[in-house]
Every structure is written in C-alpha cells, then in structure tokens.
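To keep things clear, I will list the structure first and then write my remarks on it.
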Protein chains: 2
Amino acid sequence: MTTNGAAPTPLRRPRRQAPALPALEAHPEGAVRTGVRDRVTEALREALIIGRIQPGRPVTLRGLAEQLGTSPMPVREAIRGLAAERALDVRENGRIAVPRMTEQRLSEILKARALLEPVAAALALPRLDRKAAARRLQVIDDAVDASLKDGDVEAYMRHNHAFHFAIYEASGSDVFLPLIESVWLRFGPFMRMVYGRVGTAGLVDHHKAAVAAIADGNADALSEAIRLDIAEGMDLIRDALVAGAADFADPG
Amino acid sequence: MTTNGAAPTPLRRPRRQAPALPALEAHPEGAVRTGVRDRVTEALREALIIGRIQPGRPVTLRGLAEQLGTSPMPVREAIRGLAAERALDVRENGRIAVPRMTEQRLSEILKARALLEPVAAALALPRLDRKAAARRLQVIDDAVDASLKDGDVEAYMRHNHAFHFAIYEASGSDVFLPLIESVWLRFGPFMRMVYGRVGTAGLVDHHKAAVAAIADGNADALSEAIRLDIAEGMDLIRDALVAGAADFADPG
DNA sequence: CCGACGACATTGTGATCACAACTAAGTCGA
DNA sequence: TCGACTTAGTTGTGATCACAATGTCGTCGG
C-alpha cells in the first residue's frame, strides 16, 4: 500500500489499555444457558478477586466490550452491578475505575471480614461432611502452599479464595455469602498490590488449623482459625504500609 | 378521531400493576446534577426500605419506566444494581421481583445486622458532636414514637431508618455503610409485611438508650443499645411467625 | 521554554429497535 | 366439562445511534 498523505493518519495513537481480560468463551459451562452479561460479570469478578486489574485503572465500556468481543450493552449492566457492590468506583465525572485503596478503607474491610467470615464458617460447619470436607480442603490448601512456595501471587490469590469459599459456601447462606463476596471483591485488587510489594514469602496462614477444626467438628476453633487467618493478613498489610505508604495517599 | 371497528380492540385488558412509585421529579435536589438512572435507583431504594413494594411483586422494566416517565434504559441499570445487592430477585426465567422472605433468610439478615450495626455505631461515636447529635436524634426518635402511636407503618419505617442511619453515616465508613444499607434493603419489604400483620403497637425500641449512650460518649453502651434494638425486632418476628407462618413457606 | 487555546477523540447516557423466550388469555375439540 | 392448542401480548436481551460532557493532544503565542 502507498502511504497516502490525504487520509487522516491516526496521529493519536489509540492508547488502549493492555487487555487484562480474556475474551468470552462461546459457552463456558456445558448446559447452563448464561447470558452475555452474566459471563461479563463473572469475568470481571474473577479478575477483581484475583487482583488481575490494578487499583486506579480505568475501566471503559467500549474498551471492555471490545476485549470481550461484545457490544457495550452487556458490559454496562455488568459494570453497574459491580459498581453497586462498590467493587468498581464511579468517579464524579462518570468514569469508572477500580477503586484505589486507602488505609482506612482497608482496615475496615479487614474488620468486616473478621466479623462476617467466622460466622459464615460456623454456620457452614454443621452442614459439612467433616471427613470429606477436610480432605477436599486439604487438597486446596496444598495448592495454596505450592503457590506460596513458587511465589505465584495470582495462583495464591485464586487458591486462597477457593479455600475460604469452599467453607463459606457450605453455609448455604444467601445473606452472608453475598456480603462476604462483596468484601472480597473490594479486597482483591489491593491485596494483590501488597503481595506484589512485600512478596508472599513471609505469609503464614491458619488453614491447617481450620481443616483440623472441621475434622473435629469444633465450631469455635474453626471460627478462631478464620479470624486469625484474617488478622494475619492485617499484619502483613502493616508491614507493607511501613515499607511504602506512598500509594495510599493518592487521591482516588 | 373516529372509533374504527377494524382496529383490534384491546380485548385483553392491560393488567398493569398499580403504580407503587411516584413519577420522577424534574430536578430532585437543587444543584446536584443526578442522572435519570440515579434518580430511579433512589426511588427504588426508598420504596424497598420503606416497604412500599410487596415481596413477590413483579418488577418490570417497561412498567417501571412508564411509572417513572422514562425509557426502560435507565431502569435496566438501576434494577441491575439493586439485583447485585440482592435487593431484587432475578428469577431463573429472567423476570424480576421483590424477593420473598424465608424464615432462614430473615434470621440471617438480623444476625448480620446485629454483627455490623453495633460496630458502625461504635465507629461513629468518636466522630459525633455528642450534644448536637443527641439533640438531633431525639427529634427523630420523637417522630418515630409519634408514628408508632398513630400506627402509621410507613412513617415508622422511614423514621426508624432515619434514626439508625443518622448514627451510622457519621462513621464515615464506606465499607460498613454499604454493607448495612444492603441488608436494610432486603430487610424492608419483609418487615413492612410483619408490621402490617402484628401491628406496631407492642413495638419497643432502644433508641432512648442509644441517645443517652451518645450523650455520655459511651461506645459500649451504644453498641449494646443497637444490638438490643435489633434483637427486639427479632422477637417481634417470632411473634409474627407463630401468628401466621403460611407466607414464609411460599417458594420464591 | 512554557502556558493557553482549539480541535478532536473518547466516554457515559438515554432512547429506540429487533428478537427470542415466555405467559396467559382465548378457542376448539374430545 | 375439561383438556390441549393457538395466538397475541409481554418480558428481558443485546445492538446501535445521537448527544453532551470530558479529557487529550497538538499548536500557537508569549
């Protein structure tokens, strides 16, 4: 082709953000007929929980739609849903972004986790087949440990999430589960940042104590293990804070 | 126009539900430029919290849009946001309705309230101007008492909500507040049903104890007053349950 | 060298449309 | 009389469009 001079060559480079999301599969799960919007929502939820999207990064309707291979329409509704859970931040100018974290917000998120999750675990315990559950959780926790050993932050985030929610989901609570999910949604992007900074090397979890408590059918011990696991995360944050508190001050 | 005979006379009467929502005002608050969607959301949130919409009642895009005088578009996003908070129920066929309440769900909602709200109150206390806040809350509580005396359920719901959130909002927590709001959203429609059945006559609240605790700057006493206030509601439910447990069994 | 202006691309918003799935009222037949 | 069938209406879904607000980059004037 001849490089024509008349045509308006795109001087402005399309500063399109790097696609952090995979395109939508044609039919994710076999039989379930899920709409496009739900698939978009699911993709976004996972990306947030795993921390695949950086805090502060803008999220645009058309950009996401293009990445996922649909029209902006389903993306709009998905984003609106996530925004209602505060998992996405609607700026005053209408633009949408992954929320930036503040020190206060984070401390409150962990406080909320420490309130809600032990209760959900206690609700779940009597509904679990103890032996089977302990075995299943042990497998997940092995994967968590492996990710920690490899320093694979994303895998760690995913497996840690799987471990906790394998317990909470057993509660069958359609009140506590959504509340906890909503908190994790806000927790993920930031936690990923922290791990990226201080690493996952010094990370100690209380998963084994939780598994033991489930095997014993000891609700109090289970709640306490969960509580400690969350408190541990809180300590790690403190380390990250002294390491570099700069990013926290950034206005949203 | 001549009443033509050829035109298909609408034999089928448009079984449009009675409009439970007021039309949108042109500009709700003076200066704030809110989009149509936000106004729709706000209208729905209030209707749900006050309990103006019955559990189980279908909520349709076009129906709402017509009631509110807009296109279905903003309604779609508003509904999607509420659905994300579980304030609206998306049935498997895609239809949307106010969730029906189950006994388990209600007990969990109250348990979540009892966990979250005392903490939010404790967070709020140090940020309050005690004397001014106590005075302000006293005024609201007087309105609550008046509504109880009059047996005006809707006014009671509104004032009770105002009382609680006047406290919680002072916490300035953008973590606890949304969580608590989301719970109230689910709590409202059902509570209204209960009050409609057993009346508000026997209702005892712990608002005065809360006001006193705020005046004293006693965080523990404030938390306890809130906790008791919620527990009281739980007791009322139990009465309603023995009165007529039929509606609870209805499948969603 | 730097700040203000102006043009243009991008963004969210609201409206409208076509469509498929579903509901329910009306109708016909056993 | 009661059932299945037909048909029209309703509903949510996804796409597309026009538009106003906003942001961004390039240019020009100091």
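Protein chains get the first letters and strands the later ones, always in sequence-line order, with residue 1 at the start of each. Just so you know, these numbers use all the heavy atoms, side chains as well, and skip hydrogens, waters and symmetry mates. Only a predicted model underlies this, so the values are computations on that prediction, with no experimental measurement involved.
- Residues B/Ser171 and A/Glu108 form no side-chain contact, since every pair of their non-hydrogen atoms from C-beta on lies 4.5 Å or further apart.
- As a whole-Å value, the separation of A/Glu92 CD from C/dT11 C1' is 15 Å.
- The pair A/Glu85-A/Arg186 does not count as a salt bridge, with every side-chain nitrogen at least 4.0 angstrom from each carboxylate oxygen.
- Residue A/Met73 places its side chain closer to D/dG14 than to any other of C/dG12, C/dT16, D/dG14.
- Heavy-atom neighbours of A/Gln54 CD from other residues, nucleotides or ligands within 6.0 Å: at or below the threshold of 12.
- Here the side chain of A/Thr70 is nearest to one of D/dT11, C/dT10, D/dA15, namely D/dA15.
- Between A/Thr60 and A/Ile96 there is no side-chain heavy-atom pair separated by less than 4.5 Å.
- Counting to the nearest Å, the P atom of D/dT10 and the CD atom of B/Glu66 are 10 Å from each other.
- Under 4.0 angstrom from either OP1 or OP2 of C/dA21 there lies no side-chain N or O belonging to B/Asn93.
- Comparing D/dA15, D/dT11, C/dT13 against the side chain of A/Arg62 picks out C/dT13 as the nearest.
- Minimum atom distance to the side chain of A/Leu61 is reached by C/dT13, of the listed C/dT23, D/dT22, C/dT13.
- Distance B/Arg91 CZ to D/dG12 P: 12 Å, rounded to the nearest Å.
- When the side-chain contact (heavy atoms from CB on, under 4.5 Å) test is applied to A/Arg127, no partner is found at least two apart in sequence or on another chain.
- Under the rule for a side chain to side chain donor-acceptor pair (under 3.5 Å), the partners of A/Arg113 that lie at least two apart in sequence or sit in another chain are A/Glu117.
- Pairing each heavy atom of B/Gln104 with each of A/Gly172, the nearest pair is NE2-O, 3.9 Å.
- At whole-Å resolution of the value, CG in A/Asp38 and P in D/dG14 are 8 Å apart.
- As a whole-Å value, the separation of B/Arg37 CZ from C/dT11 C1' is 13 Å.
- Along DNA chain D, the nucleotide closest to B/Arg95 and the one closest to A/Pro72 are compared, and the more 5′ of them pairs with B/Arg95.
- Side-chain atoms of A/Ser71 lie closest to D/dT16 of the nucleotides D/dT16, D/dT11, C/dC22.
- Across residues 75-84 of chain B, B/Arg76, B/Arg80 each have a non-hydrogen atom less than 4.0 Å from an atom of DNA chain D (numbered order).
- D/dT22 atom P lies 15 Å from atom CD1 of A/Ile96, rounded to whole Å.
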